[in-house]
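As structure tokens, the structure follows; a few thoughts come after it.
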Amino acid sequence: MTRRSSTFDASSPPDVAYRLASLGYHPLPIVAGSKACNVKDWQNLRIPPDDVSDYWKAGADSGVGLLLGHEIGAKIHIVAIDIDTDDPL
């Protein structure tokens, strides 16, 4: 891994993934224009900050997702609710 610059670019997927991994989250590389991770066995993928560049190559068009439903840090769980309706009630 190349040493990362101290400048954070929120529009750069590798920078976002690195920051998330540094904070204890589990970022996932997402295929551009989709919600899919193209890494086999992604449910068990844990990318340490120093390995981010192995998954997000410079100039690559991958987005960043988060592994949800797992403990992050001190008993914090992250979940998402996706409601696909105009009238949820």
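Because only heavy atoms are used, hydrogens play no part in the values below, and waters and symmetry mates are left out as well, while side chains stay in.
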At their closest point, which heavy atom of W42 faces which heavy atom of L67, and how far apart are they? CZ3-CD1, 3.9 Å

Which residues pass the side-chain contact (heavy atoms from CB on, under 4.5 Å) test with N38, sequence neighbours left out? V31

For P13 and S11, work out which heavy atoms get closest and say how close. CD-O, 3.4 Å

List for me each residue that meets side-chain contact (heavy atoms from CB on, under 4.5 Å) alongside D41, sequence neighbours excluded, and say none if there are none. Q43, N44

How close do I47 and W56 get, counting heavy atoms only, and between which atoms? CD1-CZ3, 3.8 Å

With the side chain counted from C-beta on, respond yes when P49 and S22 share a heavy-atom pair under 4.5 Å apart, and no when they do not. yes

How about S53 and P14: do any of their side-chain heavy atoms sit closer than 4.5 Å? no

Could you give the distance from CG (L68) to OH (Y25), rounded to the nearest 0.5 Å? 11.0 Å

Between L28 and V39, is the side chain to side chain contact (heavy atoms under 4.5 Å, CB included) condition met? List the steps. CA-CA 8 Å; L28 299 170; V39 176; over 6 Å; no

Heavy-atom closest pair (A10 atom, V16 atom, distance to 0.1 Å) is O-CG2, 3.4 Å

Looking only at non-hydrogen atoms, find the nearest pair between A21 and V52 and report the distance. CB-CG2, 4.3 Å

Got a second to check how far Y55's OH is from S62's OG, nearest 0.5 Å? 12.5 Å

Between D15 (side chain) and D9 (backbone), is there a donor-acceptor pair under 3.5 Å? yes

To check you understand the geometry: which heavy-atom pair defines the closest contact between V64 and P27, and what is its length? CG1-CB, 4.1 Å

